[in-house]
Number of protein chains: 2
Amino acid sequence: MDQQKPKDYLGVREIAKLAHVSPSTVSRVINYPERTSDDVRERVNRIIEEYHYVPNQMAKNLFSKSSNSLAVFINNLTNPFYALLLQELGQLAFQEQYNLLICNTQHNRNQEQDYLSYCQSVRTKGIISIDNHPTNIYGNLHSSMKLVSLDGKVDSVHYSSVTSNHYQGINMLMNHLVDLGHRKIAYAADNSNLHAGKLRRQAYQQLVGWHHNLPYRVDYVADFECSIRAGKDIIEYYMHLPDPPTAILCANDSMAIGVLMYAQHIGLKVPEDLSITGFDGLNEDFSYPRLTTVMQDYKKIARLLFDDVVDPKRADHVHHEVVDVSLLVGETTGPAKKQVYLP
Amino acid sequence: MDQQKPKDYLGVREIAKLAHVSPSTVSRVINYPERTSDDVRERVNRIIEEYHYVPNQMAKNLFSKSSNSLAVFINNLTNPFYALLLQELGQLAFQEQYNLLICNTQHNRNQEQDYLSYCQSVRTKGIISIDNHPTNIYGNLHSSMKLVSLDGKVDSVHYSSVTSNHYQGINMLMNHLVDLGHRKIAYAADNSNLHAGKLRRQAYQQLVGWHHNLPYRVDYVADFECSIRAGKDIIEYYMHLPDPPTAILCANDSMAIGVLMYAQHIGLKVPEDLSITGFDGLNEDFSYPRLTTVMQDYKKIARLLFDDVVDPKRADHVHHEVVDVSLLVGETTGPAKKQVYLP
DNA sequence: TTGAAAGCGTTACCAA
DNA sequence: TTGGTAACGCTTTCAA
């Protein structure tokens with residue numbers, strides 16, 4: 001009936017006609033208002049308001065040869081630490097008028113390749129690759145496109161990297177536990193293929209015998225699902241060892257929460273019977289009792305990643321930054337009082 | 001020294017010249033290869049490969065008058081349910097070749113307005129507004145731009161909505177608890193201003209006296225922080241009431257996990273001493289012991305939101321969909337055996 | 001099957 | 001201070 005087909009958007013030309021000026025004047029009113037006379041500016045602005053004129057960004061992009069965008073390649077949005085980081089990156093991008101493309105690769109190479117093509121086709125300024133080894137598919141990027149990796153390889157001459165000091169974090173946790181009298185410290189690794197996880201596990205393995213002179217036990221390192229539910233498996237595995245640990249370092253906060261929950265569920269007192277630590281330090285109000293964990297400086301990490309891509313002072317050279325972490329002593333670690341055995 | 005300034009990207013014209021054909025032929029090889037002769041197609045493709053030519057999407061966008069994009073307005077990426085939903089929307093967008101703009105508004109009206117302008121300037125197909133009442137700033141959207149709200153108002157004639165059946169979910173939980181013999185069922189509401197939370201609270205209030213004929217108690221509904229740590233406050237509040245509940249409905253899974261953790265921490269047995277339920281049903285492996293909760297059908301929700309914006313069959317009319325939820329009986333609910341009092 | 005030319009909406013240059 | 005014109009890189013129509 002009265003179905004009016006969606007009218008086209010107005011363009012500078014229409015606005016110009018309505019305001020009785022030329023298109024270039026409309027453009028000038030928008031972009032350089034100080035170079036226009038008061039009455040022309042006022043007239044044009046009134047028309048713009050009245051007709052809700054919104055300049056076409058696609059035309060601007062074409063002209064400027066840039067979509068002013070950054071891409072974040074991320075495997076999994078549901079990892080809480082990365083979600084927080086992404087949020088922070090979004091804020092930086094917003095503040096500096098960049099468009100942030102979220103490329104959720106889901107560990108799928110084809111999808112990654114497709115996203116990459118898209119990024120190239122819109123002349124993205126750069127790619128922030130989160131916990132994802134840039135592989136050969138990144139080989140033919142245009143020279144103007146920067147690449148920076150979080151928690152990935154740190155030795156490339158082709159792209160920059162930012163890495164939390166996982167080694168320092170594990171060391172802080174171990175010092176803390178050793179100071180509390182612990183000698184039997186196990187490490188619950190996560191089996192999801194995250195590189196950050198591998199770095200933490202390596203750190204544990206290097207530190208245990210070498211720095212802290214603790215007995216090295218093969219059975220004190222094992223892989224588990226990266227989830228809260230893994231807590232059961234972790235407790236059952238470690239606490240049924242012939243010589244169970246008095247403390248368990250978990251690869252991340254989720255696993256630590258799981259361990260904490262299951263420990264309490266079966267009647268273990270934390271920290272009296274067992275000390276538990278996490279890694280990530282998402283925010284203060286994450287668990288009860290408060291987890292002893294390592295805080296990653298996500299604001300600094302986001303800033304470095306962002307600048308490595310867009311700040312010309314940084315983006316021109318390849319950097320490999322390591323970001324300090326800090327220990328957050330909570331209520332899940334305490335003196336190693338006694339040895340606890342499960343039946 | 002040998003600092004070569006970043007060369008420009010190649011265009012159709014350069015490729016055309018290198019392949020000794022015209023620009024239109026290059027375009028045709030890419031978009032309608034069947035309308036080209038074998039040798040021309042082969043020649044052009046070889047050059048494209050060799051020089052890593054990537055067509056400029058910005059020019060395509062300008063020509064097609066569309067950036068083929070959708071926007072998601074979301075308050076907070078760290079809410080795990082919304083993160084999951086966002087991931088699902090990302091997959092749909094990817095599959096159907098849409099570009100998903102993530103507009104993380106952080107409850108900031110100015111930021112929301114800025115994002116909105118951007119969306120208009122790229123002629124976004126539509127906006128998916130997550131738990132966020134579209135306000136008057138959405139008043140002047142171009143008629144071709146769709147708007148759909150998740151868990152927002154459901155009575156607008158201007159935009160569509162999708163809502164989980166929160167009422168049904170709360171009802172299922174209450175039926176389950178009443179069947180187990182519970183009569184004293186409290187509700188821990190969340191004080192973050194989420195509309196989904198308000199709907200759940202309303203449902204509880206309507207159901208308690210009316211449908212289940214339970215004693216109505218003002219002190220059985222209270223607001224708490226939407227976090228795991230709130231568990232302590234929730235337990236301390238409810239379990240110190242003169243007549244404590246035997247079951248606590250929590251507004252979402254995070255709060256329920258917190259209640260579970262704190263209950264176990266102070267020695268309450270779950271579910272023997274206290275039954276606990278959540279809401280969201282993020283995924284199976286979220287807690288130990290497994291939480292009794294309500295699963296929202298995030299895949300269906302994502303599909304509806306997506307189609308309301310892009311599928312012409314749906315997008316042409318305003319829809320208000322309510323999506324069924326399902327009860328997930330876990331291990332945190334059990335018979336109401338005895339009354340527990342805290343000292 | 002191929003090529004020439006116009007046009008998408010904007011901005012920038014230069015002339016008035 | 002203002003307006004005409006060309007250009008951004010692509011696709012598409014139309015003519016060859």
Side-chain angles (χ1 to χ4, degrees), chain A residues 6-45 47-48 51-69 117-118 120-124 142 144, chain B residues 6-45 47-48 51-69 117-118 120-124 142 144:
Chain A
K7 287 167 296 216
D8 264 2
Y9 284 87
L10 292 168
V12 261
R13 276 182 267 265
E14 284 87 334
I15 298 296
K17 203 156 285 174
L18 288 161
H20 304 292
V21 292
S22 78
S24 13
T25 302
V26 174
S27 173
R28 226 175 289 116
V29 167
I30 293 170
N31 298 299
Y32 308 96
E34 71 281 5
R35 295 186 205 164
T36 59
S37 66
D38 290 0
D39 70 328
V40 164
R41 184 171 351 111
E42 212 171 290
R43 186 150 37 100
V44 171
N45 276 326
I47 301 287
I48 285 177
Y51 289 87
H52 307 120
Y53 166 68
V54 183
N56 185 323
Q57 183 68 36
M58 296 175 287
K60 289 188 185 185
N61 286 346
L62 176 58
F63 190 87
S64 68
K65 300 182 177 184
S66 162
S67 59
N68 240 48
S69 61
S117 298
Y118 182 79
Q120 294 188 269
S121 73
V122 295
R123 306 327 188 209
T124 296
H142 190 269
S144 66
Chain B
K7 287 167 295 214
D8 264 3
Y9 284 86
L10 291 168
V12 260
R13 276 181 270 267
E14 285 87 335
I15 298 297
K17 201 157 288 174
L18 287 162
H20 304 290
V21 293
S22 77
S24 15
T25 301
V26 174
S27 173
R28 227 175 289 118
V29 166
I30 294 171
N31 299 298
Y32 308 97
E34 71 282 7
R35 295 188 206 161
T36 59
S37 64
D38 289 0
D39 70 328
V40 164
R41 182 169 358 107
E42 211 170 291
R43 185 147 40 100
V44 171
N45 276 326
I47 300 287
I48 286 177
Y51 290 87
H52 307 120
Y53 167 68
V54 183
N56 185 323
Q57 183 67 35
M58 298 175 286
K60 289 189 184 181
N61 286 346
L62 177 58
F63 188 87
S64 69
K65 299 183 179 185
S66 162
S67 59
N68 239 49
S69 62
S117 300
Y118 181 79
Q120 294 189 268
S121 73
V122 296
R123 306 326 188 212
T124 295
H142 190 269
S144 66

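All chains are named by letter (A, B, ...) in the order of the sequence lines, taking the proteins before the strands, and each is independently numbered beginning at 1. Side chains are part of it too, since the values below use all heavy atoms of this structure and drop only hydrogens, waters and symmetry mates.
Checking His20(B) against Ala59(A), the closest nucleotide of DNA chain C that is more toward the 5' end is the one next to His20(B). When each of Arg35(B) and Val54(B) is assigned the nucleotide of DNA chain D with its nearest heavy atom, Val54(B) is the one assigned upstream, toward the 5' end.
Closest to the side chain of Ser22(A), from the set dC8(C), dT11(C), dG3(D), is dG3(D). Comparing dG9(D), dT10(C), dG3(C) by their closest approach to the side chain of Lys65(A) singles out dG9(D).
As rounded to whole Å, 9 Å separates atom C1' of dC10(D) from atom NZ of Lys60(B). Taking atom OH of Tyr9(B) as the reference point, atom P of dG9(D) lies 12 Å away to the nearest angstrom. For the pair Glu14(B) CD and dC8(D) P, the interatomic distance rounds to 10 Å; values are reported in whole Å. In this structure, Met58(A) atom CE and dT11(D) atom P are separated by 15 Å, rounded to whole Å.
Nucleic acid contact for Asn61(B): none, since no nucleic acid atom lies under 4.0 Å from a heavy atom of the residue. Base engagement by Ser27(B) is indicated by at least one non-hydrogen atom pair under 4.0 Å involving a base atom. Here Ser24(A) lies in heavy-atom contact (under 4.0 Å) with a base.
Between Thr25(A) and dG3(D), a side-chain N or O to OP1/OP2 separation shorter than 4.0 Å is present. Between Tyr32(A) and the phosphate of dT2(D), there is no side-chain N or O to OP1/OP2 separation shorter than 4.0 Å. Checking the phosphate oxygens (OP1, OP2) of dC8(C), no side-chain nitrogen or oxygen of Asn56(A) falls inside 4.0 Å. A close approach under 4.0 Å does occur between a side-chain nitrogen or oxygen of Ser37(B) and OP1 or OP2 of dT2(C). Side-chain N/O atoms of Tyr53(A) include one lying less than 4.0 angstrom from OP1 or OP2 on dT10(C).
For Arg28(A) against dG3(D), a side-chain N or O and a base N or O form a donor-acceptor pair under 3.5 Å.
Both tests hold for Arg35(A) against Tyr32(A): distance to the six-membered ring centre under 6.0 Å, angle to the ring axis within 45°.
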